Amino acid sequence: MTGFLESISVPEKHAASLRARQLDMVRRITFVMILANLMNAGIVVICFLGTASSDLLYIWGAAILASSSLSVGTQFFNPRDMDPMDERTQTALDNFSRAALISGVLWGVVPFIVMNAAAPQGQMIMGVIMAGMMFAGTFLMARTPSAAISFLLPVGAGVVAAMQFQHDPAYQFISLLALAYIAVLVLAVRWSYKQFVEQHLSECAVKEQSQLIGLLLRDFEESTSDWLWQTNAEGEMQDIPLVFEGAKDADSVMRKGEPLVDLFVKDDAQHVLQTSLMRRQEFRDLALQVKTSEDGQECWWSVTGKPIFEAGKFCGFRGVATDITQSKEIEDRIAYMAHYDGLTGLPNRITMQEHLEKAVRLASDPKTNRALVWLDLDNFKWVNDTLGHPAGDELLRQVSGRLTGICHDDDVVSRISGDEFALIIERSDREKLEDFLDELVERLSEPYDIWGSTANCSASLGVRLFDSFTQDARVLLKHADLALYQAKKLGKGNWCMFSEELDERARARQQIETDLHRALDNHELRVFFQPVVDAATLDVTGFETLLRWEHPKRGLVYPGEFIEHAEDIGLITRIGDWVIRAAMEEARRLPEHVGISVNISPLQIHSQSLIPTIMQAIAANNIAPERLELEITESVLMSDTEFTLQRLHQIKSIGVRIALDDFGTGFSSLSYLRSFPFDKIKIDKSFVSDLESRADNRAIAIATLDLARSLGMRCTAEGVETGYQSDFLRENGCDNLQGFFISRAQPLDKLSHLIELKDVPGVEASPAPRPKLRIVEPDAAPSRAAKVS
């Protein structure tokens, strides 16, 4: 039977319910089948009573009665409330199939009993009865195909076999027809069962959908806040058919006879509602504020409605209302968060931008001065680092309070980001504007009390005046930022007004940064060398490497004009590494006893590439490590001192020498000498330049030379320009001299008159400056210019 039903698949979740339906059908047809069995068995016994088969028919009839009684008993003991998932349902169906098989076997035997003993008329009767039994049995048991086939096949086999034993050819032909009849009945059983299964699955699908729809409806009814409303032709409320429990609060507002528009607060949305009602137009999702008592909670509804026409006559409006109070609160909160700073409550960058866009479109009044002020706190990072971020937040709140307290009501005060604020202010004249800026700087510079701790955090201000020519808010912001940058350079707690000069400087700075990116790739950087001589013999003992930029348009550019930009844009490490490699390549042309010194910037000392670059440059050019000397300034040591000293020890372990440059110009030089064993200290040229005229400079120089001698360090004097300076330093024990008195910085080929250069294959001479340039060393180069090569 499994093979017979393979093509009729039933999902596992529906198998139990299908068995339940089959079992219900079995209960309903069992007694009908037993009654039919007994009636047909009685007809057979009566029709063939008195024949030679009478005795066997009595036995057969008794067997039919016994099997029928057994079937009745089986059904009697099967519980009617049996769980479909219970395995006993399948057992009951199996028992029914076995009973059908027994009944089929008994009816399959009867043709053998009567066919030979009956006359042709009796055989015809028997054939009709057997055909009827096969049809009736398969018809009644078609929904349990295993039982139907179990009954049909034995009966059919008995009929066909009994006819085959008859020697009349007509019976042989009838037996073939019987086989065809049996086959038709088998196919009918299969088709009927398939229809039964498909119908059952369809009913299950419909039932599942009905259950799902019912659940969704129940959920909707429990959670919705929608309700229906209706007005008459005059716009007055009629009976309100509340449909869901969520509308239980509507009856306190929607009262019969009250005009719909009077339920809501007058605003733009209420005006749209009133206009739509007057014009009899449909409206959708109007967000309306409901009128409530003064102490009542704010309430908002979303109202949708359309006009009602009956027989062409306007009868009023009908629609749906929804309580959107909660979503409106969320929407308002999101809108607030999008336009205001959550920490200080001030307008944020977006809102400030909107105010600024409006301000630039306003006609400028020549009698007033309107300005954009860009404000940045000077020591905010220190507060965060020392007192913690919560203290930083409290500081920002106090700054916000001071700003709003000193500004006028019509001024715009906003927090842009971090510790940056922006103001749009307007004063009657320039003098009052400047007085306000002075007062603002002074007020913000006052100490802050943060939970018992005092924090000093001044502010720098960049100011850009509005004018009738500038209509682009981005330009104003850029100019205010440039003014702020200039105020920072002037020192903490200052304000600076934007001028065209600042803009020109910014453009030049941007051009330098752009050109500097190109300079490395186009090989525009050059290394110059300034000799360092023995103070006693004036023999060259080394060279200090100095960087120059041969710009294709500006000519020779000194470090003071571009090193700061290189640090700001992050190129200083690449440039510094290039200088080390270039210096070591040039050192191959120098005698073995001559050293090369290279300046290291504060950013470069923290670079991960510094030590690998030094080692590769030394190895590639076969230079003894002790010939390389790295010069660092006190500013290098001041940034992360512990890490810097550790990095210097790593460098010194390679064999490279370390010199402390510009000694005496900082605040902690002596402590640094104690922390790290430098090989050399260099006296800054500010102490050398006035040796002839200032006794204090001579005293400092002598003290420095004595200190170096006592610590076992060599000492070099920078900026030596006169014979007196040279003699004084030599007489007081200075080891080396460097300055214009010896030679200005030149390409190495230009210094061949001071020292013999080697011819090294593969090393090209550094190109000399263009002839048209007149190279003049600056009298007082900026501090960072001399300290980064």
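Quick caveat: nothing in here was measured; it's all calculated off a predicted structure.
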Does this structure show an ion pair linking [X] with [Y], if we count only N-O contacts that are shorter than 4.0 Å?
| X | Y | answer |
| --- | --- | --- |
| Asp393 | Arg397 | no |
| Asp323 | Lys328 | no |
| Glu236 | Lys256 | no |

Stepwise salt bridge (Lys or Arg N to Asp or Glu O under 4.0 Å) check, Glu426 with Arg370: CA-CA 4 Å; Glu426 185 172 335; Arg370 190 186 310 133; 3.4 Å; yes
Taking everything shown except [X] itself, do over 12 heavy atoms lie less than 6.0 Å from its [atom1]?
| X | atom1 | value |
| --- | --- | --- |
| Arg284 | CZ | no |
| Glu198 | CD | yes |
| Glu446 | CD | yes |
| Glu354 | CD | yes |
| His517 | NE2 | yes |

Verdict with supporting geometry, Arg430 and Glu434, salt bridge (Lys or Arg N to Asp or Glu O under 4.0 Å): CA-CA 6 Å; Arg430 182 67 173 265; Glu434 293 181 357; 3.3 Å; yes
Minimum heavy-atom distance between Lys291 and Val265, given as atom pair plus value: CG-N, 3.8 Å
Shortest non-hydrogen separation from Phe283 to Leu286 and the atoms involved: CD1-CD1, 3.8 Å
Short side-chain donor-acceptor distance under 3.5 Å, Glu394 and Gln398: yes
Side-chain H-bond candidate by donor/acceptor type, Thr470 with Arg464, under 3.5 Å: yes
Parallel, tilted or perpendicular, as decided by the 30° and 60° cut-offs, for the rings of Phe317 and Trp229: parallel
Parallel, tilted or perpendicular: ring planes of Phe562 versus Trp549, cut at 30 and 60 degrees: perpendicular
Cation-pi check, Arg415 onto Tyr340 ring (under 6.0 Å, within 45° of axis): no
Aromatic ring proximity, centroids under 6.0 angstrom, Phe466 and Phe469: no
So, does [X] use its side chain to make a donor-acceptor pair with the main chain of [Y] at under 3.5 Å?
| X | Y | value |
| --- | --- | --- |
| Ser414 | Ala422 | yes |
| Ser460 | Ala487 | no |
| Gln471 | Ser468 | yes |

Note, Leu362 side chain near Lys358 side chain (heavy atom, < 4.5 Å): no
Stepwise salt bridge (Lys or Arg N to Asp or Glu O under 4.0 Å) test for Arg518 and Asp515: CA-CA 5 Å; Arg518 188 196 64 237; Asp515 293 346; 3.1 Å; yes
Criterion side-chain hydrogen bond (donor to acceptor under 3.5 Å, both in side chains) on Lys432 and Asn369, from CA distance to verdict: CA-CA 9 Å; Lys432 289 184 178 180; Asn369 284 261; over 6 Å; no
